[in-house]
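Have a look at the structure below before the remarks.
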Amino acid sequence: SPDIAEYALRLGDDGLILAQRLGWWISRAPELEEDVALGNIALDQLGHARSFLSYAAAAFQRADGSAQTEDDLAYWRGEEEFRCVQLVEQPNGDFARTIARQLVISVYQFELYQRLQNSSDPTLAAIAAKAVKEVDYHRDHASQWVLRLALGTAESRRRMIDGLKLTWPYLEELFDQDELFDRLGDAAVEPSSLRENFDAFISALLAEAELEVPELPRASGGGRRGEHSEHLGYLLAEMQVLARQHPGASW
Amino acid sequence: SPDIAEYALRLGDDGLILAQRLGWWISRAPELEEDVALGNIALDQLGHARSFLSYAAAAFQRADGSAQTEDDLAYWRGEEEFRCVQLVEQPNGDFARTIARQLVISVYQFELYQRLQNSSDPTLAAIAAKAVKEVDYHRDHASQWVLRLALGTAESRRRMIDGLKLTWPYLEELFDQDELFDRLGDAAVEPSSLRENFDAFISALLAEAELEVPELPRASGGGRRGEHSEHLGYLLAEMQVLARQHPGASW
Amino acid sequence: IAGLAAFEAILAEDSRIEPRDWMPEAYRKTLVRQISQHAHSEIIGMQPEANWISRAPSLKRKAILMAKVQDEAGHGLYLYSAAETLGTPRTKLTEDLIAGKARYSSIFNYPTRSWADVGAIGWLVDGAAICNQVPLCRASYGPYGRAMVRICKEESFHQRQGFEILLELSQGTPAQKQMAQDAVNRWYAPALMMFGPPDDDSPNSKQSMAWNIKRFSNDELRQRFVGMMVEQVKVLGLTLPDDQIRFDEETGKWQHGSLDWNEFKEVLAGRGACNSQRLERRREAHQDGAWVREAAAAYALREQRVEVA
Amino acid sequence: IAGLAAFEAILAEDSRIEPRDWMPEAYRKTLVRQISQHAHSEIIGMQPEANWISRAPSLKRKAILMAKVQDEAGHGLYLYSAAETLGTPRTKLTEDLIAGKARYSSIFNYPTRSWADVGAIGWLVDGAAICNQVPLCRASYGPYGRAMVRICKEESFHQRQGFEILLELSQGTPAQKQMAQDAVNRWYAPALMMFGPPDDDSPNSKQSMAWNIKRFSNDELRQRFVGMMVEQVKVLGLTLPDDQIRFDEETGKWQHGSLDWNEFKEVLAGRGACNSQRLERRREAHQDGAWVREAAAAYALREQRVEVA
């Protein structure tokens, strides 16, 4: 249904844009082990994105009546047609900022996929069942690094705190509800239902890291409605440039 | 003639790509005075580029037979059709790296435009006559900053030295000759003829700044033949993205 | 005569207070706050437009946009200078800004999502700024009034350029026209809110008017602005997203639909689309530039010594 | 038996030297140099391909490319570990690399100008690497030989992916086919030069062969490689930029046109397109990551103390 497709687009775009951001680190990470680790996470996110987008694409038609593909969605939509949250669009910054973003998104995705395994939509349930295991690792990776950076050196602690501050304004948007969820019922997971577990995990981790949960005003958000931060346009210009230079080509 | 157009393309592309790089600083410079100064320099370079590209464009035809425009050249050429040197494609880096790049290009352009005022081609001569006055200021701006950074603090000196090192491999390409100059005769200025004055200026300035002229292997270059560094593709993707989304539109 | 009496005499004859004149502390404080907010707005206001410099769709537009954003840096410089004549140095004002302690115009916390936003900012935001600022050219504090004269000249130039961008778009392809209309829809209400809260909710206005800093009330200026836009939007071939605009023959003023002041307060409280991004970007530029400013200062000192020796 | 005699006995029966075995200093030095050069090549070699991760033209290709570049980081890790068994720590090798004192394969100083270059690197560069490396799986030093087994498996996977990229392009639009041919033209000669200078100009080869590190001469490997490419390029529907390739019935070997060893030496001397860029990028990543590595070390120490206490 179009509602299911819209929901799959949202989840798929989160993964795609995050993978695009993380892919930058491959060949630039602080140590080779992190080139590998961040590469793995990027690959996992891209994998989830491909599953969700392929599922969504089947609901959309090309001009000739055939079904769209994941690539039609990834390369040929305009900025306002993307449905990701603004969190995943935010710049990588330094390693601490990337880790802060990873912490928030992976804790969120873990809770989300955990529940989405029970979706009344079997395709979404299957994608989530596979994804949740991988995201469990992403969450662990981010958590370990938050501890290392927060409790490592004065410099790393300062950076970790800054990274969290830069990330926090984009957190609330993850839990915004809209009427799509009323229509989807048991097929989807209401974002608000994830809040309690999310907060519990984050508070416990930050407590262990001897950090305070930042209290900062939220950014207005709106990614799910196609209202994006100023960063997304640049990201898409780069991601889509080659595909768009060769309309109709296959690769 | 096509040779004149090719030459104008080279000079125009140098200015255009440099302006695109410098424009990034507007709203990000170390102090407001530099937002203004670097903005001025970017505007001057863009102005020269527009003159050269408009002149070149008149020699090329659109599909419908009408003459091309500066925007056809700026927005609708592929990477391999650009004719700039690789120096101007290099990333801004920190302020010192930008200043090092500014030093090299402005000393070069000053010598070049100085002589090009006497070109047997009246249009090139006229553009050069206007440009040389502006580039004189660019050269002065870069020189002053080289002195300030080299003789300011230990940190700024270290950065200035690094900036020069990162810039120097792209210097030799400026003086590469090819057979175009044989065909152009008095219309153009042979790059090799600029070398002596260029070296004299740079040596004197670096001596005053108590810096050594870096001795580093040159990069192979080839921008004039359309062989660019890996940076240009990204720059063009961003620069051209909007124009290419709306073929045939006017703005 | 001197002191308060002299100050009041100058105001009474609608003449200028100059830096060396005596002035009440509250007057000084109000001016520093207003001028520095205005300066900060110029500086933060560079960002939404700078967002399109690298992607401007023609070289002519790129040049115009670069020049405009650069002008804003210049306006910031004049205004910080004016504030400095009141005894507060630029470094202090900048520190307050990047610490998040100072205000700037809330409108710059909206994102520029398309090229048409550059046009809409020029037409609507600069348009509203001009309506606000033209009376400030007669502000009682000399350096402020004179800075405003210079700024207003350039702003009206910018407004025309914004109008031209929108006109070109609205006469362009359907996609371009849609882009223009969409931008006008998004920027209209925020621009109207630039004039500040309704008069009955604007406690400081009265004192500012008594001091000849402010000359017209928020609502008066807003109505005047709506009247101008109503005419211009017709030329553009676009519409304003407000079907309640009408000219009230009785009062001789333009009426408009009600504004969502709740949203205004949200953005003011930091919950706009770009508050965090704008401040972070300014902070980053400032911190990344610290070593350059230190080098320049060290070099200047060194040169001074050389001259003395 | 021990010492040199034992070492020679192991070589004689074509068996493996292990880290705890005695070995001549020259053998150790040669291995450290060769293994670390190989490791550095994997690490620097990530850059030209990483250049297209963000722009890969389909999601499938993006995933394959990410995985490939990530594999190269893994190869670097195995190889640095093998070098560490010889007593030289990774930190030292990394320092030599970023100081510009260590070598890496010259081929990575060429730029990847188009997407097709990703295909050409996979097909030609990885292809040449495999020809070089398959015999190294039998290298006399155990940890090196075993690392090569693992690496070769993944490399042949990469080569097939590169071939597929080129095949898809050559069967695509004329622009795509042109892109593919152009990439093959640019990468062919540099790939052939990966086997090192001609045998009569390769002074160290003989000792390496005596030590069972190297198994075939540069020219032998190069000829074998040309033979394979000649067949594969037909399937691709492309051509190799060398009209002198022929099979010599008499020697039973493939002949090819002469190579521009001058260019090779220029690139080796630092005058390639990207030498400075590659090293700078590695240096930057290393320096930018210093605070992270320090934090991880400090945290590990802290955890150790907690466990002990």
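First the proteins, then the strands, lettered A, B, ... as listed; each starts at 1. Just so you know, these numbers use all the heavy atoms, side chains as well, and skip hydrogens, waters and symmetry mates.
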Once side-chain hydrogen bond (donor to acceptor under 3.5 Å, both in side chains) is applied, what residue pairs with a partner in residues 146-155 of chain D remain, sequence neighbours excluded? Glu18(D)-Arg146(D), His75(D)-Glu154(D), Tyr78(D)-Arg150(D)
Top contributor to chain D interface from Gly47(A), Ser250(A), Ala19(A), Ala29(A) [non-hydrogen pairs under 4.5 Å]: Ser250(A)
Name the option with the most non-hydrogen atom pairs under 4.5 Å to chain D; the candidates are Gln245(A), Met239(A), Glu31(A). Met239(A)
In this structure, which one of Arg281(D), Glu72(D), Arg282(D) forms a side chain to side chain contact (heavy atoms under 4.5 Å, CB included) with Ser27(A)?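 The single option meeting the side chain to side chain contact (heavy atoms under 4.5 Å, CB included) with Ser27(A) is Arg281(D).
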Quick check on [X] against chain D: is it the side chain, the backbone, both or neither that has a heavy atom closer than 4.5 Å?
{"X": "Leu235(A)", "value": "neither"}
{"X": "Ala42(A)", "value": "both"}
{"X": "Leu46(A)", "value": "side chain"}
{"X": "Ala150(A)", "value": "neither"}
{"X": "Arg159(A)", "value": "side chain"}
{"X": "Trp24(A)", "value": "neither"}
{"X": "Leu147(A)", "value": "both"}

Can you pull out the residues in [range] with any heavy atom less than 4.5 Å from chain A?
{"range": "residues 169-185 of chain D", "answer": "Leu169(D), Thr173(D), Ala175(D), Gln176(D), Met179(D)"}
{"range": "residues 32-60 of chain D", "answer": "Ile43(D), Met46(D), Ala50(D), Trp52(D), Ile53(D), Ser54(D), Arg55(D), Ala56(D), Pro57(D), Ser58(D), Leu59(D), Lys60(D)"}
{"range": "residues 107-123 of chain D", "answer": "Trp115(D)"}

Is a donor from one side chain sitting under 3.5 angstrom from an acceptor on the other, for Ser156(A) and Glu294(D)?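 Side-chain D/A pair, Ser156(A) to Glu294(D): absent.
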Does any N or O in the side chain of Gln70(D) come within less than 3.5 Å of the main-chain N or O of Val36(A), such that one atom is a donor and the other an acceptor? yes
Return yes if some donor-acceptor pair links the side-chain N/O of Arg293(D) with the main-chain N/O of Pro30(A) below 3.5 Å, else return no.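 Side chain of Arg293(D) to backbone of Pro30(A), a donor-acceptor pair under 3.5 Å: yes, one is there.
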Pairing of Glu33(A) and Arg90(D) as salt bridge, 4.0 angstrom limit: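 The answer is yes: the pair qualifies as a salt bridge.
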Least distance between heavy atoms, [X] atom then [Y] atom:
{"X": "Lys62(D)", "Y": "Tyr75(A)", "value": "CE-OH, 4.0 Å"}
{"X": "Glu168(D)", "Y": "Trp251(A)", "value": "CG-C, 3.0 Å"}
{"X": "Ala295(D)", "Y": "Leu149(A)", "value": "CB-CD2, 3.9 Å"}

Please check if the number of heavy atoms outside Phe201(A) that lie under 6.0 Å from its CZ is greater than 12. yes
Could you check whether atom CD of Glu303(D) has more than 12 heavy atoms from other residues, nucleotides or ligands sitting under 6.0 Å from it?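 Yes - once you tally the heavy atoms of other residues, nucleotides and ligands closer than 6.0 Å, there are more than 12.
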So do the side chains of Leu32(A) and Tyr80(D) get within less than 4.5 Å of each other, counting heavy atoms only?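 The answer is yes; the side chains approach within 4.5 Å.
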Pairwise side-chain contact, Asp288(D) with Phe95(A), heavy-atom cut-off 4.5 Å (strictly under):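 No, their side chains stay 4.5 Å or more apart.
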Rounded distance (nearest 0.5 Å) linking atom [atom1] of [X] with atom [atom2] of [Y]:
{"X": "Trp291(D)", "Y": "Asp94(A)", "atom1": "CH2", "atom2": "CG", "answer": "4.5 Å"}
{"X": "Asp35(A)", "Y": "Asp71(D)", "atom1": "CG", "atom2": "CG", "answer": "12.5 Å"}
{"X": "Lys68(D)", "Y": "Ile26(A)", "atom1": "NZ", "atom2": "CD1", "answer": "13.0 Å"}
{"X": "Met66(D)", "Y": "Asn40(A)", "atom1": "CE", "atom2": "CG", "answer": "11.0 Å"}

